[in-house]
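Everything on this sheet refers to the single structure shown next.
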Amino acid sequence: ENLVYHSLKRGTDIAVALFLLTLFLPMIPVVTMLIRLDSPGPIFFRQKRVGRNGKTFNFYKFRSMVSGAESVIGALRPLSGVDGPVFKIKDDPRITRVGRFLRRSSLDELPQLLNVLKGEMSIVGPRPNLPSEVSQYLPWQKRRLEVTPGITCFWQIAGRSHIGFQEWMRLDLEYVRKRSYVTDLKIMFKTVPAVIARKGAY
């Protein structure tokens with residue numbers, strides 16, 4: 001990978017992550033309180049995800065579901081609205097009232113800025129999937145593991161959950177092929193209106 005691009009990307013990741021954490025710092029105690037008041041359980045949701053070259057890491061989000069939500073995935077899987085190995089339900093009964101707001105506003109993703117600062121994620125890159133999902137990748141889909149996963153990519157600005165699994169993978173591989181500093185900046189700027197529009201956010 002181009003050393004100049006890698007250095008620019010890493011520097012931008014750190015700068016953007018610190019800026020956003022500072023910007024949203026006043027909201028973090030409010031979000032924490034709302035989660036605590038809405039349902040019992042931890043403030044943060046931690047999960048193993050697959051990063052660059054297949055290395056797993058602890059992925060963080062603000063908790064948006066009831067405690068124990070992962071234990072009932074098997075029963076709910078037939079209701080999944082996404083093809084492929086990924087599990088998503090539009091009106092997921094496990095999501096709390098506060099969690100629905102956090103997801104629609106993308107505030108649940110804020111803790112991932114810590115993953116960015118640690119170098120496990122980037123601001124721009126394919127979303128990191130679960131080991132159980134990655135194990136079902138077709139050979140061509142594994143190419144998305146060649147780059148550091150990110151918070152936003154072509155999938156987010158194209159419609160997120162409104163897009164099927166195969167198209168999602170195709171968009172990620174398009175990013176792997178076309179990645180450059182200019183491409184990253186374009187995706188970052190297009191992410192802002194996508195988040196405001198809340199398209200495919202659930």
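If you read the sequence from its start, that first residue is 1, and numbering goes on from there.
Ser64 and Asp108 are not linked by any side-chain donor-acceptor pair at a separation below 3.5 angstrom, with hydrogens and angles left out of the test. Side-chain polar atoms of Arg143 and Gln141 form no donor-acceptor pair below 3.5 angstrom. For the residue pair Ser132 and Ser135, no side-chain donor N or O sits within less than 3.5 Å of a side-chain acceptor on the partner. Side-chain N/O atoms of Asn2 and Tyr181 include no donor and acceptor closer than 3.5 Å. Side-chain contact of Arg127 with Gln112: a donor-acceptor pair under 3.5 Å is present, judged by distance alone. Arg63 and Ser39 form a side-chain donor-acceptor contact under 3.5 Å, judged by distance and modelled atom types alone.
Tyr175 is not connected to Val182 by any chain of hydrophobic side-chain contacts under 4.5 Å among Ile, Leu, Val, Met, Phe, Trp and Tyr, and they are in different clusters. Hydrophobic clustering, with ILVMFWY side chains joined whenever heavy atoms are under 4.5 angstrom apart, keeps Val66 apart from Met33. When the side chains of ILVMFWY residues are joined at heavy-atom separations under 4.5 Å, either directly or via intervening members, Ile95 and Leu37 end up in two distinct hydrophobic clusters. By the criterion of side-chain heavy atoms lying less than 4.5 angstrom apart, applied directly or through intervening Ile, Leu, Val, Met, Phe, Trp or Tyr residues, Leu113 is grouped together with Leu117 in one hydrophobic cluster.
Using a 4.0 Å cut-off between a side-chain N of Lys or Arg and a carboxylate O of Asp or Glu, Asp184 and Arg179 do not qualify as a salt bridge.
Here the closest heavy-atom approach between residue Glu146 and residue Val176 is recorded as OE1-CG1, 4.1 Å. The minimum heavy-atom distance between Val30 and Pro26, with the atom names listed, is CG2-O, 3.9 Å. Taking both residues in full, the closest heavy atoms of Gly150 and Pro128 are given as O-CD, 3.8 Å, listed atom of the first, atom of the second, then distance. In terms of heavy atoms, Ile123 sits closest to Ala17 at CD1-N, 4.4 Å. Heavy-atom minimum distance, Arg52 versus Pro149: N-CD, 3.7 Å. The minimum heavy-atom distance linking Pro126 with Val147 is given by the pair CD-CG2, 3.5 Å.
Residue pairs meeting the ring pair (Phe, Tyr, Trp, His ring centres under 6.0 Å) criterion with at least one partner in residues 121-152, sequence neighbours excluded, do not occur; the list is empty.
The neighbour count for Arg46 CZ, taken as heavy atoms of other residues, nucleotides or ligands under 6.0 Å away, does not exceed 12.
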- Task: Might you work through the side-chain contact (heavy atoms from CB on, under 4.5 Å) test for Met121 and Phe57, ending with a clear yes or no?
- Result: CA-CA 9 Å; Met121 290 179 65; Phe57 66 96; 3.7 Å; yes
- Please lay out, stage by stage, how Asn129 and Val50 fare under the test side-chain contact (heavy atoms from CB on, under 4.5 Å). CA-CA 6 Å; Asn129 281 341; Val50 180; 5.9 Å; no
- Message: The test is side-chain contact (heavy atoms from CB on, under 4.5 Å); show your working for Arg100 and Arg103 and say whether it passes.
- Response: CA-CA 5 Å; Arg100 201 166 298 282; Arg103 285 179 171 228; 5.9 Å; no
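In this structure a side-chain-to-backbone donor-acceptor pair under 3.5 Å is missing from Arg94 to Met65. With Asn115 contributing its side chain and Asn58 its backbone, the two residues share a donor-acceptor pair below 3.5 Å. A distance-only check finds a donor-acceptor pair linking the side chain of Ser180 to the backbone of Thr183 [under 3.5 Å]. Side chain of Asn53 to backbone of Lys55: no donor-acceptor contact under 3.5 angstrom is found. The backbone N or O of Leu130 lies less than 3.5 Å from a partner atom in the side chain of Glu133, making a donor-acceptor pair. Checking side-chain atoms of Ser67 against main-chain N and O of Pro40 turns up a donor-acceptor pair under 3.5 Å.
The shortest side-chain heavy-atom distance between Gln156 and Ile187 does not fall under the 4.5 Å cut-off. Looking at Ser122 and Val116, their side chains never come closer than 4.5 Å, going by heavy atoms from C-beta outward. Within the 4.5 Å cutoff, the side chain of Ile43 has heavy atoms near those of the Arg36 side chain. At a threshold of 4.5 Å between non-hydrogen side-chain atoms, the residues Leu102 and Glu109 do not count as touching. Using a 4.5 Å heavy-atom threshold, the side chains of Pro131 and Thr56 count as touching. The closest side-chain heavy-atom distance from Leu110 to Tyr60 is not below 4.5 Å. Between Met188 and Val16 there is a side-chain heavy-atom pair separated by less than 4.5 Å. Using a 4.5 Å heavy-atom cutoff, the side chains of Phe101 and Leu107 are in contact.
In this structure, CH2 in Trp155 is found 14.5 Å from CZ in Arg170, a value given to the nearest 0.5 Å. Taking NZ of Lys61 as the start and CZ of Phe44 as the end, the distance is 13.5 Å to the nearest 0.5 Å. Taking CZ from Arg97 and CG from Leu34, the interatomic distance works out to 10.5 Å, rounded to the nearest 0.5 Å.
Under the rule for a ring pair (Phe, Tyr, Trp, His ring centres under 6.0 Å), Phe19 has no partner lying at least two apart in sequence or in another chain.
Between Phe45 and Phe62, the distance from one ring center to the other does not fall under 6.0 angstrom.
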